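The model shown is predicted, which means the values in this text are computed figures rather than measured ones. Computed from heavy atoms alone, side chains included, the values below leave out hydrogens, waters and symmetry copies.
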Amino acid sequence: MKKMIAGLLCGCMIAASLTGCGKAPASDGGATEKAAGAEAEKAADKTEASSDSGSKVINVWSFTDEVPKMIEKYKEMHPDFDYEIKTTIIATTDGAYQPALDQALASGGSDAPDIYCAEAAFVLKYTQGDASRYAAPYEDLGIDADGKIKSSEIAQYAVDIGTNPDGKVVALGYQATGGAFIYRRSIAKDTWGTDDPKEIGAKLGAGTNDWTQFFNAAEELKGKGYGIVSGDGDIWHAVENSSDKGWIVDGKLNIDPKREAFLDLSKKLKDNGYHNDTQDWQDAWFADMKGEGAKPILGFFGPAWLINYTMAPNCGGTAVGEGTFGDWAVCDSPIGFFWGGTWVLANKDTKVKDAVADIIDWITLDDAEDSLQYMWANGTMNDAGTKDAVASGAVMSKSDGSVDFLGGQNMFDVFVPANKYANGTNLTQYDETINNYWRGQVREYTAGNKSREQAITDFKQQVADNLDIIVE
């Protein structure tokens with residue numbers, strides 16, 4: 001899902017048991033043998049087509065324990081749901097999850113996944129790419145996907161990503177991962193005399209779809225001894241997901257002008273000392289969340305999960321006044337984007353369609369007060385009390401997103417509209433790999449090790465050498 005560094009290294013396998021399958025009518029062995037045979041064949045076909053043909057086991061595959069825990073909660077809340085859940089969890093670290101999932105889907109049989117999860121970095125492979133043939137359209141499970149997407153106000157970017165080449169929804173998520181700018185109140189006040197989210201958003205160019213005001217603000221912050229972001233990775237997701245086209249167009253490598261401009265944006269940040277030149281997910285990046293970096297940093301671009309699962313644990317405290325806890329707020333981003341998310345899919349060959357549909361509907365589309373998303377948004381899902389932005393705008397509109405980490409700000413006021421500006425049509429199934437190549441070459445360029453032209457040339461060569469993509 002969501003947490004790029006999260007994931008468990010092993011899977012827990014819960015013992016499974018199967019009940020008997022339906023039995024076809026027997027022939028009487030007499031003159032009606034042909035008719036009876038036809039009836040038997042008809043009954044067998046009916047049994048095979050049945051959504052829940054006797055099995056009481058649901059195989060769930062994921063790369064964290066998040067969705068399995070949601071299903072445990074569903075079972076707890078629905079005691080008549082008498083299915084055993086057989087869970088396989090394989091971390092995405094070292095690229096282990098996808099090959100194992102691919103093999104399990106291809107092999108089929110009683111151990112094949114009934115429900116499986118895919119993260120934003122590779123979800124298109126399973127919804128629109130090489131492995132999309134395994135995914136069941138939600139409507140084939142009996143879910144009114146179109147109607148509930150509308151009534152639950154699911155963000156369009158999430159729907160676009162989860163729609164297969166035939167125009168059918170095969171995957172949806174439970175989180176909203178539209179991005180905002182998360183900033184230090186104390187630094188904003190010292191620089192501009194206010195920490196009001198609307199004023200800070202305007203100062204940074206909120207909604208302009210342009211970086212001009214952002215860099216003007218960076219210069220003003222520099223004059224006070226501050227950086228505007230920790231490293232160039234902090235603007236990458238806004239750049240990547242605001243591009244008009246993805247890395248592959250008609251089978252060929254495509255460098256969208258907005259992504260190519262990342263070379264120049266990154267160099268401008270570095271040459272002018274507007275950041276601490278950190279790399280995301282490294283110790284120095286986390287240090288900036290505590291306010292312990294080379295120079296104090298105004299903020300980070302990200303969705304609600306970045307606040308809850310990355311910034312809060314690395315802010316140096318757990319209550320207002322400790323570390324930077326409580327010294328944060330969120331405002332609209334200059335550029336609309338999303339970052340991360342987990343999509344939930346069902347195997348088209350599952351033998352427990354009704355049960356699978358119940359779970360998927362409850363996780364991804366239900367907006368009632370006993371739904372997963374309502375509890376997730378209001379911090380009642382578990383004892384941790386963590387509130388998160390969820391896929392359903394309808395849920396967030398009737399929920400309280402106020403959190404102490406943000407000085408009591410209701411984060412839903414920012415994250416609900418943020419989802420509307422995110423773009424889900426510029427992804428490809430190779431994004432995780434290509435992004436790594438691109439960002440590596442950009443850092444070589446900004447460090448002065450390569451020219452701009454050489455960085456682009458070497459990037460193209462990496463893609464040509466390692467992926468089945470036409471490079472011109």
task = Could you walk me through whether Tyr126 and Leu101 pass the side chain to side chain contact (heavy atoms under 4.5 Å, CB included) test, one step at a time?
result = CA-CA 10 Å; Tyr126 297 94; Leu101 175 60; 3.7 Å; yes

ask   = Would you find more than 12 non-hydrogen atoms of other residues, nucleotides or ligands less than 6.0 Å from Tyr134 atom OH?
value = yes

message = Given Tyr157, which partner from the list Thr177, Asn241, Thr425 fulfils the side chain to side chain donor-acceptor pair (under 3.5 Å) test?
response = Thr177

ask   = Should we say atom CG of Asp271 is surrounded by more than 12 heavy atoms from elsewhere, each under 6.0 Å from it?
value = yes

ask   = Salt bridge check: are Glu72 and Lys69 linked by an N-O gap of less than 4.0 Å?
value = no

ask   = Counting distance only, does the side-chain N/O of Gln279 pair as donor-acceptor with the main-chain N or O of Gly231 below 3.5 Å?
value = no

ask   = Roughly how far apart are Asp166 CG and Ser132 OG, rounded to 0.5 Å?
value = 8.5 Å

request  = Kindly determine whether Tyr116 and Tyr97 satisfy ring pair (Phe, Tyr, Trp, His ring centres under 6.0 Å), including the steps that lead there.
outcome  = CA-CA 11 Å; Tyr116 52 106; Tyr97 179 67; 8.8 Å; no

ask   = Are side-chain N/O atoms of Trp376 and Asp388 paired as donor and acceptor at under 3.5 Å?
value = yes

query = Any salt bridge between Asp232 and Lys267, counting N to O under 4.0 Å?
reply = no

task = Take the angle between the ring planes of Phe301 and Phe214 and call it parallel below 30°, perpendicular above 60°, tilted in between.
result = tilted

task = State whether a side-chain donor-acceptor pair under 3.5 Å links Tyr174 with Glu66.
result = yes

note = Here the gap from Glu444 atom CD to Asp458 atom CG, rounded to the nearest 0.5 Å, amounts to 8.5 Å

message = Between Glu220 and Asn216, do the side chains contain a donor N or O and an acceptor N or O under 3.5 Å apart?
response = no

Side-chain donor-acceptor pair present, Asn347, Thr350, cut-off under 3.5 Å = no

ask   = Just checking, is any N or O donor in the side chain of Gln462 or Trp438 under 3.5 Å from an acceptor N or O on the other one?
value = no

ask   = Just wondering, do Tyr430 and Phe122 contact through their side chains at under 4.5 Å, heavy atoms?
value = no

Option passing side chain to side chain contact (heavy atoms under 4.5 Å, CB included) with Ile360 (candidates Val344, Leu365, Asp366, Leu345) = Val344

ask   = Do you see a donor-acceptor pair shorter than 3.5 Å between the side chains of Gln461 and Thr457?
value = no

Residues Ser243, Asn426; criterion side-chain hydrogen bond (donor to acceptor under 3.5 Å, both in side chains); working and verdict = CA-CA 7 Å; Ser243 67; Asn426 56 8; 3.2 Å; yes

Under 3.5 Å side-chain donor-acceptor pair for Thr278 and Ser230 = yes

Under 3.5 Å donor-acceptor, Gln373 side chain and Thr364 backbone = yes

task = Show your reasoning for whether side chain to side chain contact (heavy atoms under 4.5 Å, CB included) applies to Glu199 and Leu204.
result = CA-CA 9 Å; Glu199 294 191 43; Leu204 300 175; over 6 Å; no

key: Donor + acceptor pair across side chains of Asp288, Asn276 (<3.5 Å)   = yes

remark   = Tightest non-hydrogen contact, residues Phe415 and Ala389, listed as CB-CB, 4.2 Å

task = Using the ring of Phe215 (Phe, Tyr or Trp, six-membered ring only), decide whether Lys268 places NZ or CZ under 6.0 Å from its centre and within 45 degrees of its axis.
result = yes

request  = Check the surroundings of atom NZ in Lys245: do more than 12 heavy atoms from other residues, nucleotides or ligands lie under 6.0 Å from it?
outcome  = no

message = The criterion is ring-ring contact (aromatic ring centres under 6.0 Å, His included); which residues satisfy it with Tyr274, sequence neighbours excluded?
response = none

request  = Could you tell me whether the side chains of Asp210 and Thr212 share a donor-acceptor contact shorter than 3.5 Å?
outcome  = yes

query = Short question: side chain of Arg184, backbone of Ala329 - any donor-acceptor pair under 3.5 Å?
reply = no

task = Check side chain to side chain contact (heavy atoms under 4.5 Å, CB included) between Glu260 and all other residues, then give those that pass, not counting sequence neighbours.
result = Ile255, Leu263, Arg452, Ile456

ask   = Which of parallel (below 30°), tilted (30 to 60°) and perpendicular (above 60°) describes Trp281 and Phe286?
value = perpendicular

inquiry  = Quick one, Lys125 with Asp102, criterion salt bridge (Lys or Arg N to Asp or Glu O under 4.0 Å). Give me CA distance, side-chain angles, the key distance, then yes/no.
reply    = CA-CA 10 Å; Lys125 172 181 175 181; Asp102 295 348; 2.5 Å; yes

ask   = Is it true that Asp361 and Lys148 have a side-chain N and a carboxylate O under 4.0 angstrom from each other?
value = yes

key: Test item: Phe181 and Phe300 side chains (from C-beta on) under 4.5 Å apart, heavy atoms   = no

key: Passing candidate, ring pair (Phe, Tyr, Trp, His ring centres under 6.0 Å) with Phe459, options Phe262, Trp247, Tyr445   = Trp247

key: Polar contact flag, side-chain donor to acceptor under 3.5 angstrom, Asn308-Thr386   = no

key: Whether Asp256 side chain and Asp244 backbone form a donor-acceptor pair below 3.5 Å   = yes

key: Min side-chain heavy-atom separation Val169-Glu139 under 4.5 Å   = no

query = With sequence neighbours left out, what residues match Glu153 under side chain to side chain contact (heavy atoms under 4.5 Å, CB included)?
reply = Ala394

message = For Glu219 and Asn272, which I'm curious about, is there any donor-acceptor pair between the side chains at under 3.5 Å?
response = no

